[in-house]
There are 4 protein chains.
Amino acid sequence: MRQKPWPVGHRGKQDGKRAPGRPRSEQARQAILRSTLELLGTSGFAGMTIEAVAMRARVGKTTVYRWWPNKAALVADAFASDTIRQLHFPDTGSVRTDMSRQMRQLIKIFRSSRGRIVSAILAGGQNDKDLIAAFRARFLWPRRREAYATLRRGISRGELRRNIDKDLLLDSLYGPIYMRFLIQHAQLTPRFADRLCALVLAGARPHSK
Amino acid sequence: MRQKPWPVGHRGKQDGKRAPGRPRSEQARQAILRSTLELLGTSGFAGMTIEAVAMRARVGKTTVYRWWPNKAALVADAFASDTIRQLHFPDTGSVRTDMSRQMRQLIKIFRSSRGRIVSAILAGGQNDKDLIAAFRARFLWPRRREAYATLRRGISRGELRRNIDKDLLLDSLYGPIYMRFLIQHAQLTPRFADRLCALVLAGARPHSK
Amino acid sequence: MRQKPWPVGHRGKQDGKRAPGRPRSEQARQAILRSTLELLGTSGFAGMTIEAVAMRARVGKTTVYRWWPNKAALVADAFASDTIRQLHFPDTGSVRTDMSRQMRQLIKIFRSSRGRIVSAILAGGQNDKDLIAAFRARFLWPRRREAYATLRRGISRGELRRNIDKDLLLDSLYGPIYMRFLIQHAQLTPRFADRLCALVLAGARPHSK
Amino acid sequence: MRQKPWPVGHRGKQDGKRAPGRPRSEQARQAILRSTLELLGTSGFAGMTIEAVAMRARVGKTTVYRWWPNKAALVADAFASDTIRQLHFPDTGSVRTDMSRQMRQLIKIFRSSRGRIVSAILAGGQNDKDLIAAFRARFLWPRRREAYATLRRGISRGELRRNIDKDLLLDSLYGPIYMRFLIQHAQLTPRFADRLCALVLAGARPHSK
DNA sequence: ACTTAACCGAGACGGTACGTCGTGTCTTGCC
DNA sequence: GGCAAGACACGACGTACCGTCTCGGTTAAGT
């Protein structure tokens, strides 16, 4: 669905040449993405309107539509531009401590104002394959790649079974957090991360015969 | 937000008396709920319009608005009216088998056409407290109540720790299913239920010292 | 368009017998007509709604529709029921005085709260033949019959030409009043009646050769 | 009530500059006014709907509401745009002939399809000050200005009294036409104009002492 | 310096759905 | 069988955004 030439981090023709004509306004681009995130946080995916984004960014509606074909693409880009930042996965020498820290980090994000944005994207993604794909590409996989490394270290240290299914394990660790985040049937506290981690990793130990 | 007197399963004044005037048309009510579910499955929460629901149900738009204040309330009711049915939780003598069956059941629902409806509700619920609350009340808690019983049997049989946190455990079992359902980063198969069950319950055994 | 059996002053079967069932409520009928006139004065023909009439009369909408097929018929009846009253046409011995008094009387009505009702009827009548016909039958002709008599007296007294066209003359006298009433381009005062009368009757004198 | 900047005959900013943004579509404007007149002729003021106007003009409903705040304003404008045309008041050397011709002209309009539009406006105007004011400004006064001139010529030729009240006289001439037009209690023929003219002007002659 | 071309803002355009209101019909139980 | 109450299907209301379009004006690179 996202078909426009270089909606994200593009810097013009790659071949050294420049296209003729007025170059794209970087200022407008950033104002649009910023407004998108703000309104996403305020009104959610469904409540956010392109019209409001353009208005708030002091930009013509045309300029938004010129670069993003639809709301989902815009939101995905805005989210991506915001998320390109640290994902700090320390190596403390213990899988449990490492994973617990990561999971606390995620919970912190979910409970912050950016949580609203994440939930808006997950909600919008239920009707838009591209949006949920963008979420996976920009948010889920980068983190999970780090988590794989953490798990691998755990295996080599003998804290986890050699043949453990890493995706199964990571879903077991993160799934409950997403569930509580989205369904809100129980509190989502840092402490929950610890206890969850303890429960699940206990089932992943080598000698649990 | 849901403020109209008895939008769900109401059967008129309880005190024997009847309200004056033409009674509410049961036929219209059912046609509306049915159309809602159909369109929800087709277009999702965001794509569904009240106008289309009314049209498909051969009903005046007014009649919809008379009984449901907004789309969320309508969808919640429709979902509720559909879900009041069996949740078969057998007692096979093994927590693992019992839970595994339940979880396979849920996966089956998620993969069926009704999965679309559930995801629509969870998506819509991110912008509507009442909708997500309705989901919990009509779908989550009834199932979870049964699951509590299953766990209790497991405890008394010595398959689970006495002091296990049941909500933590159930979230660990179901959370990953919801996560895969909503984010679609990995396949959601019946086999996943079994392996998930094995992993998590292993961490909940009494003597896992 | 007015097809219901006896919407106006009917008192049931004429043959002494009574129809079976509950007799028509005279109280409801009067309340409806009264409400109609009030709302007509407040909101005009277009702004008046049957729903409001029923509400104000503390009556079911059905009861209105049972007896009057549409708004025009109702308004016509209400107007008629109100207008059955004095049209005092004195014989002072002078056509000019007689006519002037009549015309002042009309202007007084037009400027009173009942003027609003008359204008509502004339407005509504532009889209409804029955309504304008009712206006003629109930309001125009009764007055005009009296006016004919006045003119005839004038003829026999030699104040008017023998062969004068009475309708032409009466339209010349009343038309300007209606015009100012409806178009409001100039003041409609009692004095206007006198001057109008003087002008027109001057042209109707016998010896204006 | 009519508050939009230049709904009528506006030709853009007068200071040479142009407002930014896409200019208003002259084609849409004319299509709307044309449709309005057509529907007004067909269904009258009350029966005409904005929705139908937009549909017939192949225009979005928004475009109508963007420029006209309500039905009355739209109708007034449509009527005005139609009426800006010839009002031929010849100078034959006789007030009576001149006036008679004008009056015949009016009767001709009233009896044509445009009569329906006039009656619709007069009807609608009973509930809308602006509408009736527009009628006066666009239709009544321009004609009357010409008529004043005709009368003035008559006075200077000695056909009319010097001190004649021109408005009284014109109302006496036109009022009966409007009355027959609106109440339809008698035929409105060209011949009526002549006889009316004869009667009233006879009362306006200088020496009728 | 002048042309060319793509960008920009503004805002009107034809539409769709909204949630409300009134229409005229109907379906109750009571009188 | 009339009555009040009020639900019903219908259709227009006036509003908010949609995504597209047409303007005048800006900004550089390529003459």
Side-chain angles (χ1 to χ4, degrees), chain A residues 17-25 27-29 48-55 57-67 69-71, chain B residues 12 17-29 47-55 57-67 69-71, chain C residues 18-25 27-29 47-52 54-55 57-71, chain D residues 17-25 27-29 47-55 57-67 69-71:
Chain A
K17 297 282 181 188
R18 272 269 272 101
R22 178 176 177 171
R24 176 172 183 186
S25 158
Q27 184 185 324
R29 189 183 143 267
M48 186 196 95
T49 69
I50 301 275
E51 202 135 329
V53 168
M55 174 91 85
R58 313 297 226 95
V59 141
K61 237 190 332 175
T62 321
T63 303
V64 180
Y65 280 109
R66 181 155 29 234
W67 302 109
N70 52 52
K71 194 160 68 165
Chain B
K17 293 286 180 189
R18 273 264 277 94
R22 180 174 174 173
R24 177 172 182 184
S25 159
E26 182 60 20
Q27 185 184 323
R29 190 183 141 266
M48 185 196 97
T49 68
I50 301 271
E51 201 134 321
V53 168
M55 174 94 82
R58 311 300 226 94
V59 141
K61 228 185 343 172
T62 321
T63 302
V64 180
Y65 282 109
R66 186 163 18 243
W67 302 109
N70 52 54
K71 196 159 67 166
Chain C
R18 274 266 273 99
R22 179 174 175 174
R24 177 172 183 185
S25 157
Q27 183 186 323
R29 188 182 144 269
M48 185 197 96
T49 69
I50 300 275
E51 205 137 17
M55 175 92 85
R58 314 298 226 96
V59 141
K61 235 188 336 174
T62 322
T63 303
V64 179
Y65 281 109
R66 181 153 30 235
W67 302 108
W68 296 274
N70 52 51
K71 195 158 69 164
Chain D
K17 294 284 180 191
R18 272 261 278 94
R22 179 173 176 173
R24 178 171 182 184
S25 159
Q27 184 184 324
R29 189 182 142 266
M48 185 196 97
T49 68
I50 301 272
E51 202 134 321
V53 168
M55 175 93 84
R58 311 300 227 94
V59 140
K61 228 187 339 173
T62 321
T63 302
V64 180
Y65 282 110
R66 184 157 26 237
W67 301 109
N70 51 54
K71 195 160 66 165

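Small disclaimer: the values here were computed from a predicted structure and weren't measured. Letters A, B, ... mirror the listed sequences (proteins, then strands); counts begin at 1.
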> Want to settle it: does A:E51 or D:T49 sit nearer the 5' end of DNA chain F, counting the closest nucleotide to each?
Replying inline: D:T49
> Closer to the 5' end of DNA chain F via nearest nucleotide, is it A:M48 or D:K71?
Replying inline: D:K71
Please state how far atom [atom1] in [X] lies from atom [atom2] in [N], giving the value in whole angstrom units.
{"X": "C:Q27", "N": "E:dC31", "atom1": "CD", "atom2": "P", "value": "16 Å"}
{"X": "C:I50", "N": "E:dG22", "atom1": "CD1", "atom2": "P", "value": "12 Å"}
{"X": "B:Y65", "N": "F:dC8", "atom1": "OH", "atom2": "P", "value": "16 Å"}
{"X": "C:W68", "N": "E:dT23", "atom1": "CH2", "atom2": "P", "value": "15 Å"}

> By side-chain hydrogen bond (donor to acceptor under 3.5 Å, both in side chains), which residues pair with C:E51, not counting sequence neighbours?
Replying inline: none
> For B:K71, what residues pass the side-chain hydrogen bond (donor to acceptor under 3.5 Å, both in side chains) criterion, not counting sequence neighbours?
Replying inline: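 B:K71: no side-chain hydrogen bond (donor to acceptor under 3.5 Å, both in side chains) contacts found.
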>> Under the rule for side-chain contact (heavy atoms from CB on, under 4.5 Å), what residues qualify as partners of C:A52, not counting sequence neighbours?
In response: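 If we apply the side-chain contact (heavy atoms from CB on, under 4.5 Å) test to C:A52, skipping adjacent residues, the hits are C:L39, C:T49.
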> How would you list, by chain and number, every residue that makes a side-chain contact (heavy atoms from CB on, under 4.5 Å) with A:T62, sequence neighbours excluded?
Replying inline: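 With sequence neighbours excluded, A:T62 shows a side-chain contact (heavy atoms from CB on, under 4.5 Å) to A:R66, given in chain and number order.
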Might you list the N or O atoms of the protein lying below 3.5 Å from N or O atoms in nucleotides 3-7 of chain F, with each pair's distance?
{"unit_1": "F:dC3", "atom_1": "OP1", "unit_2": "C:S25", "atom_2": "N", "d": "2.6"}
{"unit_1": "F:dC3", "atom_1": "OP2", "unit_2": "C:W67", "atom_2": "NE1", "d": "3.0"}
{"unit_1": "F:dA4", "atom_1": "OP2", "unit_2": "C:G60", "atom_2": "N", "d": "3.1"}
{"unit_1": "F:dA4", "atom_1": "OP2", "unit_2": "C:T63", "atom_2": "OG1", "d": "2.5"}
{"unit_1": "F:dA5", "atom_1": "N6", "unit_2": "C:T62", "atom_2": "OG1", "d": "2.9"}
{"unit_1": "F:dA5", "atom_1": "N3", "unit_2": "B:G21", "atom_2": "N", "d": "3.4"}
{"unit_1": "F:dG6", "atom_1": "O6", "unit_2": "C:T62", "atom_2": "OG1", "d": "3.1"}
{"unit_1": "F:dA7", "atom_1": "O4'", "unit_2": "B:R22", "atom_2": "O", "d": "3.3"}
{"unit_1": "F:dA7", "atom_1": "N3", "unit_2": "B:R22", "atom_2": "NH1", "d": "3.3"}

> With a cut-off of under 6.0 Å to the ring centre and 45° to the axis, is A:R24 in cation-pi contact with A:W67?
Replying inline: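 Judged by the rule, A:R24 and A:W67 form a cation-pi pair.
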